[in-house]
Amino acid sequence: MDEILQQLTPSQRKAVCHKEGPLLVIAGPGSGKTRVITHRIAALIEAGVRPYNICAITFTNKAAEEMRQRAFTLGASGGAHISTFHSLCVRILRRYASQAEIKPNFSIYDESDQIRCMKQAVKDCRLDAGNFSPARMLGAVSTLKNKLIDAESFRNEAEDFFTTRLSEIYLAYQNILGERNGLDFDDLLMKTAFLLEDCPDVCDELNERFKFLLIDEYQDTNHAQYRIAKALVSRHNNICATGDPDQSIYRWRGADIRNILAFEHDWPDATVVKLEENFRSAANILAEADALIAYNRNRKQKKLVPTKPASRDVSITACEDEIREAQAVAQQINELAKQGASLKDIAVFYRVNAMSRVLEEALLHNQISYQIVRGIEFYRRREIRDLLAYLKILVNPDDEIALLRIINIPARGIGKVTIEKVQNYAARHKVSFYEALKKVENIEALSKAAKAKILVFVSMIEKFRKDMSGPVAQLSERVFNESGLAQSLQAAGPEGQNDLENVGELINAATQYDQNAEEPSLLDYIQQISLFSDTDAYDASSESVSLMTLHAAKGLEFENVFIVGIEEGLLPHERTNASEDEDELEEERRLLFVGITRAKSGLHISYSRYRTVRGQLLRTIPSRFLLELLSGIDEQSEDNIDYDDNDDVDCEDMPCFELGQLVRHKTFGLGRVQKYIDMGQNSVIVVKFNSGMTKSLMVQYANLSKIDL
DNA sequence: CATAGCCGCCTTTTT
DNA sequence: GGCGGCTATG
């Protein structure tokens with residue numbers, strides 16, 4: 001251990017060796033933060049702390065898995081609990097289910113399940129799904145849950161028309177989840193927070209168990225997570241939080257940057273360690289990131305101290321359209337490969353998932369192998385969801401969503417009408433859908449044939465339920481074969497072949513689970529699987545280029561990074577309120593900051609002049625963030641070909657603007673010129689309008705008139 | 001009761 | 001552009 005400590009910087013060593021009491025590690029990108037955490041776990045153990053008494057919380061399952069491995073290589077093998085917040089909550093809720101007033105075999109509802117429940121809830125409240133769109137309602141409810149406002153207290157607070165309706169919807173939604181014994185992602189946190197705060201016994205026991213709590217990516221914790229953390233260390237205050245306010249990118253999901261900013265206020269005796277040295281990126285890449293993030297006003301000053309020399313491999317490229325942009329990326333990747341770069345050291349980032357398609361096509365065309373980091377995609381496949389639905393029912397028969405999904409898959413003649421009759425019966429007699437199915441003999445509305453079919457189905461499920469112990473893989477395989485799913489896929493001929501292979505892969509994964517899990521069980525497996533995330537699919541050892549969203553890039557690093565589509569409307573994204581809300585603009589800027597700081601030596605940023613959005617070819621505006629980078633916008637891009645013959649003619653008519661010039665815009669009103677980038681016809685102007693918003697506009701379309709006083 | 005085809009709608013980011 | 005839901009048809 002001493003030897004290892006010698007390799008650390010003084011700041012890192014200070015954090016690693018910190019004994020007891022609250023500790024905050026403000027760690028810039030590439031500062032060896034993860035290393036500090038794993039070393040700290042090892043150091044605690046060496047100092048005599050039992051691994052069993054240590055709990056480390058990571059942002060994703062992948063990060064947890066990696067941390068377990070790193071801790072293992074340091075000799076801190078086994079015992080320490082390392083998982084995400086959500087995983088930890090599942091464990092706690094299962095163990096203290098009765099105190100939390102839930103059943104331990106709850107289903108975890110993912111987004112699509114939530115939408116279904118919310119649709120039903122809006123319907124139950126007899127409200128119009130147009131004005132009260134399930135997605136929006138879900139967002140509103142999620143925000144409330146993140147703030148630990150439950151349905152009852154929200155109803156008591158509701159005043160105006162909208163909040164009153166929302167409170168009804170919230171109650172109805174919780175009701176539906178309750179009937180189905182389901183919890184959504186936010187419930188996991190909310191119920192755990194309430195459990196810890198309302199049951200001192202449970203809180204004591206967990207404080208006793210987890211004598212040291214370490215939380216990574218603390219800047220992205222939400223209020224519920226904050227309250228859980230607070231409760232978990234309330235008896236001993238041994239909290240160690242690490243994070244970087246400049247990398248907070250989950251505000252929209254309830255992450256509250258104030259948690260990290262107010263850490264010293266929450267724990268006044270906290271030791272604060274800053275890690276500002278960067279061991280990852282070339283000096284000039286870091287300078288770009290620094291220049292960009294300096295535009296964020298609402299931040300704590302932090303230095304980015306390079307330890308690596310500059311690289312010459314930084315570029316900003318303008319492309320004609322997204323197809324050529326993708327082609328340019330593929331070409332540059334080919335160049336890199338020729339120079340001996342490994343594909344696994346290359347990544348392409350984009351703002352929205354939909355942008356991966358063009359890139360895929362370009363990479364395929366150039367025969368460059370790639371992986372799309374989208375973990376949940378696999379679990380979204382029809383055949384996978386079908387099999388998992390069977391397994392979910394075995395664990396939780398009240399899971400109506402899962403039941404409805406497969407009651408007639410493969411087709412067994414139980415149709416819509418039959419299902420409705422059973423649902424009616426269930427509602428009348430206040431029993432779950434599955435209970436109603438079991439009592440099918442009593443449902444008079446059903447034909448004899450329908451009853452018989454339902455009986456066959458129920459007895460099959462009951463047969464499976466009788467023997468649920470043993471390896472999950474074996475059980476999955478058995479259910480797959482005996483439910484008729486296997487047969488129906490085989491019958492589909494070559495079409496079903498791929499599906500069969502996917503199921504095979506699922507069963508493989510289950511085998512892995514059986515081998516690795518501490519206490520394998522179908523219940524645990526089903527609950528854990530619901531918590532997978534995109535980054536969990538990232539395979540660092542695969543010899544391929546990685547494609548992912550900027551969000552998924554968090555926590556990773558690559559030798560060469562491409563970031564595409566840096567245009568107004570994409571970054572900052574049009575759906576954000578970036579024009580009016582400074583905080584949202586700053587979050588978008590942080591997103592680009594995160595992307596840039598993933599790069600070790602090569603950074604290639606690009607944008608397209610035209611882009612097809614939802615089937616329509618649109619003229620784009622380069623992102624205002626490009627103007628904030630040191631390199632600025634590259635006017636001399638290679639493919640800056642004549643796409644518009646009028647270029648030269650128009651240029652002469654193009655008005656020139658000086659900084660500070662007062663201008664008037666048709667809709668935005670008066671404003672002052674903050675920046676003017678002369679690019680002939682493509683000139684861009686940044687205007688701060690008197691309304692408070694700052695816009696970057698294409699001069700040729702903005703139709704600005706100069707106001708001279 | 002199953003399926004094909006068409007219409008309309010759209011929170012981008014995710015635990 | 002793509003998915004979900006509704007409808008018409010077999």
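Note: hydrogens, waters and symmetry copies are ignored here, and every other heavy atom, side chains too, is used.
B/dT13 and C/dG4: their P atoms are spaced 15 Å apart (whole Å).
Computed from coordinates, the A/E420 CD to B/dC1 P distance equals 10 Å when rounded to whole Å. Separating the NZ atom of A/K453 from the P atom of B/dA2 is a distance of 8 Å, rounded to the nearest angstrom. The nearest whole Å value for the distance from the CG atom in A/D220 to the C1' atom in B/dT15 is 11 Å. Taking atom CG on A/N222 and atom C1' on B/dT13, their separation rounds to 16 Å, with Å as the unit. What separates CZ of A/R611 from P of C/dG1 is a distance of 14 Å, to the nearest Å. Here B/dT15 presents its C1' atom at 15 Å from CG of A/D216, a figure rounded to the nearest Å. Residue A/I566 contributes atom CD1, which lies 14 Å from atom C1' of B/dT13 at whole-angstrom precision. With rounding to whole Å, A/E217 atom CD is found 14 Å from B/dT14 atom C1'.
Of the two residues near DNA chain B, A/Q114 and A/G415, the one whose nearest nucleotide lies more 5' is A/G415.
Taken to the nearest 0.5 Å, the CG atom of A/L591 stands 8.5 Å off from the CZ atom of A/F625.
Taking only side-chain atoms of A/A411, from C-beta outward, the nucleotide of B/dT15, B/dA2, B/dT13 with the closest atom is B/dA2. Comparing B/dA2, B/dT14, B/dC1 against the side chain of A/N408 picks out B/dA2 as the nearest.
Ring geometry for A/Y170 versus A/F154: interplanar angle of 30 to 60°, hence tilted. Taking the six-membered ring where the residue is Trp, A/F263 and A/Y218 present perpendicular rings, their angle passing 60° and hence far from 30°.
Look at A/F85 and the base of B/dT15; the rings do not stack under the cut-offs of 5.5 Å between centres and 30° between planes.
Residue contacts shown for A/V417 are limited to sugar-phosphate atoms, with no base heavy atom under 4.0 Å away.
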Find every protein N or O atom lying less than 3.5 Å from an N or O atom of nucleotides 4-10 of chain C, and list the pairs.
| from | atom 1 | to | atom 2 | distance (Å) |
| --- | --- | --- | --- | --- |
| C/dG5 | OP1 | A/K119 | NZ | 2.9 |

Listed pairs, N/O of protein and of nucleotides 6-12 of chain B, under 3.5 Å:
| from | atom 1 | to | atom 2 | distance (Å) |
| --- | --- | --- | --- | --- |
| B/dT12 | O2 | A/R351 | NH1 | 3.1 |
| B/dT12 | O2 | A/R351 | NH2 | 2.5 |
| B/dT12 | O4 | A/R575 | O | 3.3 |
| B/dT12 | O4 | A/T576 | N | 3.2 |

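If you check the side chains of A/R385 and A/S112, you find a donor sitting under 3.5 Å from an acceptor. Under 3.5 Å, the side chains of A/N181 and A/N105 contain a donor-acceptor pair of N or O atoms. A/E586 and A/N298 share no side-chain donor-acceptor pair at under 3.5 Å. A/E325 and A/S606 share a side-chain donor-acceptor pair at under 3.5 Å.
Within 6.0 Å of CD in A/Q487 there are 12 or fewer heavy atoms belonging to other residues, nucleotides or ligands. In this structure, A/R116 places its CZ atom where only 12 or fewer heavy-atom neighbours from other residues, nucleotides or ligands lie under 6.0 Å away.
Between A/Y173 and A/Y109, a ring centre-to-centre spacing not shorter than 6.0 Å is recorded.
Between A/T549 and B/dT14, a side-chain N or O to OP1/OP2 separation shorter than 4.0 Å is present. In this model, the phosphate group of B/dC1 is approached by a side-chain N or O of A/T418 to a distance below 4.0 Å at OP1 or OP2.
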